There are 2 protein chains.
Amino acid sequence: MQLDEPDRRILRVIQERPGLTMRELGAATGLSHSPCWRRLQRLQQAGIVSEKRYIVDPEAAGFEIVVFCFLRMAEHRRDRLAAFEAAVERVPEVLQCYSLSGEHDYLLQVVARSVRDYEQTVKNALLELPDVQSINTSFTLKRIKDSRVIPV
Amino acid sequence: MQLDEPDRRILRVIQERPGLTMRELGAATGLSHSPCWRRLQRLQQAGIVSEKRYIVDPEAAGFEIVVFCFLRMAEHRRDRLAAFEAAVERVPEVLQCYSLSGEHDYLLQVVARSVRDYEQTVKNALLELPDVQSINTSFTLKRIKDSRVIPV
DNA sequence: CAGAAAGGTCAAAAAGAGTGACCTTGTTTC
DNA sequence: GAAACAAGGTCACTCTTTTTGACCTTTCTG
C-alpha cells in the first residue's frame, strides 16, 4: 500500500502521541475526524498499524535479564530451518528472532527473571531447538533505547 | 512493585488478547470490572503497563531494511558514554540500543527504507555519534519473531 | 476479633468510537 | 468544458466503553 502525506502524518502522530482522540488526531494531522478515522482503518486493514494495545515493560515486570544470543545451526536445509523457526516461535522467553546475514545464523532477544532463569531457558528451551549447533550469549548491561516508533 | 496472581493474569490477558473491554478482561481474569480497572490503573502508574497504543509495522510501512549493528567505542569514560547514549536517543532510525557485556560495547537495531538509506544513516548519523570507533553491521534476512509479550 | 485491604454490585455520567447522509472541492477523463 | 470520481468536511446520532462513586461483603493479618 502506498502511503501519502496525510497517512504519514497520521502514523507520526499516533506513534508520538498515543491517547489522542480521533478528533484530536484529526486536528493534529489537518483532517477532520471522519476521514481521519477512515484512513486509520485502512492503515490497520493493510497491516501497517496494529490494533491498540498495552505494552508491558520487561524490567518493571521483574524481567531484569535481557540477553541477545547468536545461534549457529548445524543444518541449513530449508525444512530444518523452518522447523527451527516454528519452534522458536513457541518459546515465550524469546521476544525477537531474526535470521542474519554473516557469520551467525540467528539473533535472538531473550528475557528472564534472573541469570539462573536464563540458564534454565537456554538449557530447556534453546538448546532443545532443532539443529542448534552453538549459542553465543551477550548480556545487556543497560537499555539505552527501545522504541517502536518508525520514522515514517 | 510486587505483582500478585491477579496482576499477572491481567498482564497475560492484555498482552495475549488486546481489545477486550474492561468487563471482558475482568471476566477473563476472574475479577469484576471495577477492581480489574483499579489494578490496571495501578500497573500503569507503576510503569509496568504503558498506555494503549498503536504499533506500526516497519516492513509494512516501507522500511524493508532492518539491521543490527555492533559498535565499539574509542573512549570508555563515563561522561563520553553518556554523551553517546543521549545522541543515540535522538537518531530516529535507531529503534533499539543496548549496551552489552563482552567484546562489543553497544548493539543497535536500525531500520531503513533501503540499503542506500541505511548507508546514509550510517554515514550521517551513526558515525557522527561521539567516540564511535567501529561499526559492524549484520543485515537481517527475515523476521521470525518480534513480540512484545512478556511471559509474566 | 478488630481493622485494613480488596473485591463485588449497582448505577450513572462522560467520553469516544463508529456510522451514515449529504455537501463541497479538486482532479482526471472523455 | 462537462461528467465522473475521489476525498474531505460537516452534522447528527447511536452505542459502547471507560471511568467513577457509593456502599456492602469477604478475606487476610496482626
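The basis for the numbers below is simple: all heavy atoms, side chains too, and nothing from hydrogens, waters or symmetry mates. All figures in this text were calculated on a predicted structure; none of them were measured in a lab. Naming convention: chains lettered A, B, ... in sequence-line order (proteins, then strands); numbering from 1 in each chain.
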> If two hydrophobic side chains count as joined below 4.5 Å and joins carry through other members, does A/V91 share a cluster with A/L107?
Replying inline: no
State plainly whether the residues [X] and [Y] are in salt-bridge range, i.e. N to O under 4.0 Å.
| X | Y | value |
| --- | --- | --- |
| B/R148 | A/D146 | no |
| A/R143 | A/D57 | yes |
| A/E5 | A/R8 | yes |
| A/K142 | B/E85 | yes |
| B/R72 | B/D105 | no |
| B/R42 | B/D7 | yes |

> Between A/E24 and B/D4, who's closer to the 5' end of DNA chain C by nearest nucleotide?
Replying inline: B/D4
Roughly how many Å is it from [atom1] in [X] to [atom2] in [N], rounded to a whole number?
| X | N | atom1 | atom2 | value |
| --- | --- | --- | --- | --- |
| B/R9 | C/dA6 | CZ | C1' | 14 Å |
| A/Y54 | D/dT17 | OH | P | 13 Å |
| A/D7 | D/dA7 | CG | P | 10 Å |
| B/M22 | C/dT9 | CE | P | 17 Å |
| B/E5 | C/dA5 | CD | C1' | 18 Å |
| B/R23 | C/dG7 | CZ | C1' | 15 Å |

> Quick check: does any side chain N or O of B/Q109 sit under 3.5 Å from a backbone N or O of B/V94, one acting as donor and the other as acceptor?
Replying inline: no
Check nucleotides 26-30 of chain D against the protein and report each pair of N or O atoms closer than 3.5 Å, with its distance, or say if there are none.
none

>> Just to be sure I understand the geometry, which residues of residues 30-49 of chain A put a non-hydrogen atom under 4.0 Å away from DNA chain C?
In response: A/H33, A/S34, A/W37, A/R38
